[in-house]
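Before any comments, here is the structure.
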Amino acid sequence: MKPLTSVLIKPSGPDCNLNCKYCFYIGKSALFQAGTHRMSPEIQEELIRQVMQQSGEHVALAWQGGEPTLMGLDFYKRAIELELKFGHNQMVGNGLQTNGLLLNREWAAFLKKYEWLVGISLDGPQHIHDRYRLDQGGRPTHHRVEDNAKMLLDEGVPANAMCCVTDYSAKYPEELYSYYKSLGLTFMQFIPIVETDPADPTRAADFSVSATDYGRFLCKIFDLWLADFRDGQPTTSIRHIESVFHSYVNVPVPECTFMRECAPYVVIEHNGNVYGCDFFVEPKWKLGNIMADRLINMLNARKQESFGAIKAQLPRDCKQCYWLGKCYGGCTKDRIKDPRDQRRQRFCISYKMFLQHADPVLTDLARQWTAREGDIRQARTTGGNYFAFGDFTE
C-alpha cells in the first residue's frame, strides 16, 4: 500500500486573477457550477484532518490553483491551526504556488513564520513574462510579480522561480538564467508547455515549445548551471537536472515525470473531489470525495493504480531506448497534447538531447557523490563533518 506523503490542493479551483494564454486549468471551470469556486471551512477541516491522521512521519501539502491566494490569508492561518490540531508530531511541509499578484508583507510574514516554500510564477524579464501572462483585463503583470518576488526574498521567504518554457521563452535560456540569478532566485524550475490548439484539435497550440527547441534549452541551462559550480558544488538549483541526477546515484526520483509509474499523490479540488493528477482532473479519473471517502483508500484505489500504470505503457522504441531508466517516457499528459503523435512523448527528443549532452558530467558527478557519501558515513562514526553534493531527500 502506498503511504500518504503528499497532496495537491486547489482551494479556489480553477479561479484565477490572470488569463494566461497557455493555462491548462482554466478550462476545468466547465466541471463545476458557474460562479466563484472556494473551499468551504467544512471541507478544509475534513481534508486536513484526514491528511494529518492518515500520513506517517512526514507529509507535504501543496496549495495551488487557479490562484490559491484568492482564498485570503485567513484561510491559510486556519490551515496551520488545523494541522496543529490534528497532527501527531510528524514533519509537515506546506508549499504555495502563486502568480504573486496578491502577495504583500503580511503574507510574507506568515510564510516566513511557518516556513512555507513559495513557487512564484515569473516567466522571466518583461518581454518574456508579459507575452503570455496578462491579467483578466489584458494588462501586463511583470512589474507587479517581480516586485513581490523581491519582497519575498527581502523578507527571508524561501522562493523558487517557476518558469513556463514556451515557443518564445525557449529562445532565451541565458537571459532567463541570468535574470533569475540577478533577483536572487537561485532555485529554478523550467516547465515545458504543450497544449492542444483549441481552434484546431488536430495539432498543438502555437505557444507550445517544440521538442528540439526544448532540448537545446535544457542543454544550455545545464551548461550555465555547471559553469556556476564553486569548489565542486552547484550554486544554483535546477529542478530538471537534480531530478534526473537522482537516477544516477540510485536514489528515488522526487519528480513524478521521471518515475516508472505516476500517481504517487492525489489532487483535492475546492469541492472535495479527489483526482489522480492535476493534469487529469476529469470525470474519468475522479476517485471520490473527501467528505465521503478516505484519502488513503483513494490513493490506493484500483482506478488510481490503473491511471499510474498508463505511464509504463510505452511504445517499443521507448522500451528499447538506452535512456529509458532516466526518463521512463516522461509525463503521461505530454503524450496526448499533440494529437499528431500520441504514441511517443512529445519531449522524447528533448530528453535524449539533454541526456546525451549531460551524461558524461552527470556520471562523473555521481561517482564523486557516491565516494563522498562513503566519506560522510565514515565521518558520522568518527565525528567528522562533510558536505555532500546536493540534497537528495524528498
Side-chain angles (χ1 to χ4, degrees), residues 2-12 39 44-69 71 73-100 103 107-121 149 152-153 155-162 185-189 191 237-240 242-243 245-246 251-259 262-269 274 276-278 290 295-296 298-299 388 390-394:
K2 289 182 291 188
L4 182 65
T5 59
S6 62
V7 294
L8 193 158
I9 308 163
K10 294 181 175 286
S12 56
M39 182 173 284
Q44 182 192 30
E45 181 163 351
E46 178 62 16
L47 158 64
I48 294 179
R49 183 188 72 79
Q50 288 203 36
V51 169
M52 302 306 292
Q53 293 182 354
Q54 295 172 28
S55 58
E57 295 181 357
H58 59 88
V59 66
L61 297 87
W63 304 87
Q64 297 187 10
E67 176 49 44
T69 59
M71 296 300 300
L73 185 54
D74 287 344
F75 176 86
Y76 296 100
K77 290 179 178 179
R78 184 171 185 259
I80 293 294
E81 294 172 357
L82 293 170
E83 289 173 6
L84 292 171
K85 176 181 178 180
F86 294 118
H88 51 88
N89 295 317
Q90 69 262 60
M91 294 180 62
V92 182
N94 285 284
L96 181 73
Q97 183 174 332
T98 174
N99 61 38
L103 298 178
W107 272 97
F110 168 82
L111 296 167
K112 180 181 180 181
K113 179 178 180 180
Y114 294 105
E115 299 181 322
W116 284 41
L117 176 64
V118 177
I120 189 161
S121 295
L152 287 179
L153 296 175
E155 296 295 324
V157 178
N160 296 353
M162 312 281 291
L185 291 166
T186 55
F187 289 81
M188 309 172 201
Q189 181 176 348
I191 307 160
S237 172
I238 310 296
R239 188 186 185 197
H240 177 91
E242 295 186 357
S243 292
F245 186 74
H246 278 68
V251 174
V253 178
E255 187 176 350
C256 54
T257 299
F258 303 121
M259 293 179 180
C262 54
Y265 71 100
V266 291
V267 178
I268 302 121
E269 255 289 350
V274 179
C277 170
D278 65 330
I290 195 72
L295 272 176
I296 192 69
M298 289 184 277
L299 175 65
D391 176 16
F392 300 104
T393 57
E394 190 174 357

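For the numbers below, each heavy atom of this structure counts, side chains included, while hydrogens, waters and symmetry mates do not.
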Which value, rounded to the nearest 0.5 Å, describes the distance between [X] atom [atom1] and [Y] atom [atom2]?
X    : Y    : atom1 : atom2 : value
K85  : I48  : NZ    : CD1   : 10.5 Å
Q97  : D278 : CD    : CG    : 8.5 Å
E45  : L47  : CD    : CG    : 10.5 Å
M71  : I9   : CE    : CD1   : 11.0 Å
Q189 : N160 : CD    : CG    : 7.5 Å
L4   : M298 : CG    : CE    : 9.5 Å

Closest contact, heavy atoms only, [X] versus [Y]:
X    : Y    : answer
K112 : G156 : CG-O, 4.1 Å
L299 : P3   : CD2-O, 3.4 Å
A149 : L185 : CB-CD1, 4.5 Å
A159 : L153 : CB-CD2, 4.2 Å
A263 : K2   : O-NZ, 2.8 Å
V267 : C277 : CG2-C, 3.5 Å

With a 4.5 Å cut-off on side-chain heavy atoms, are [Y] and [X] touching?
X    : Y    : result
Y76  : Y114 : no
L96  : P68  : yes
P11  : Q44  : no
V274 : V7   : no

- Item | ring pair (Phe, Tyr, Trp, His ring centres under 6.0 Å) partners for F187, two or more places apart | none

- Y265: partners by ring pair (Phe, Tyr, Trp, His ring centres under 6.0 Å), with sequence neighbours left out: none

- Note on the structure: side-chain contact (heavy atoms from CB on, under 4.5 Å) test vs V92 passes for just one of E115, M52, H58, namely M52

- Message: Before you tell me yes or no, could you show the steps for F245 and I238 under side-chain contact (heavy atoms from CB on, under 4.5 Å), namely the whole-Å CA-CA distance, both residues' side-chain angles and the distance that decides it to 0.1 Å?
- Response: CA-CA 11 Å; F245 186 74; I238 310 296; over 6 Å; no

- Note on the structure: The side chain to side chain contact (heavy atoms under 4.5 Å, CB included) partners of Q50 (sequence neighbours excluded) come to E46, Q54, I290, R294, L295

- Message: If only side-chain N and O atoms count, and only distance matters, is there a donor-acceptor pair under 3.5 Å linking E67 with N99?
- Response: yes

- Check step by step if side-chain contact (heavy atoms from CB on, under 4.5 Å) holds for F258 and H246. CA-CA 10 Å; F258 303 121; H246 278 68; over 6 Å; no

- Measure up the W107 and F110 rings against each other and bin them: parallel (under 30°), tilted (30 to 60°), perpendicular (over 60°). perpendicular

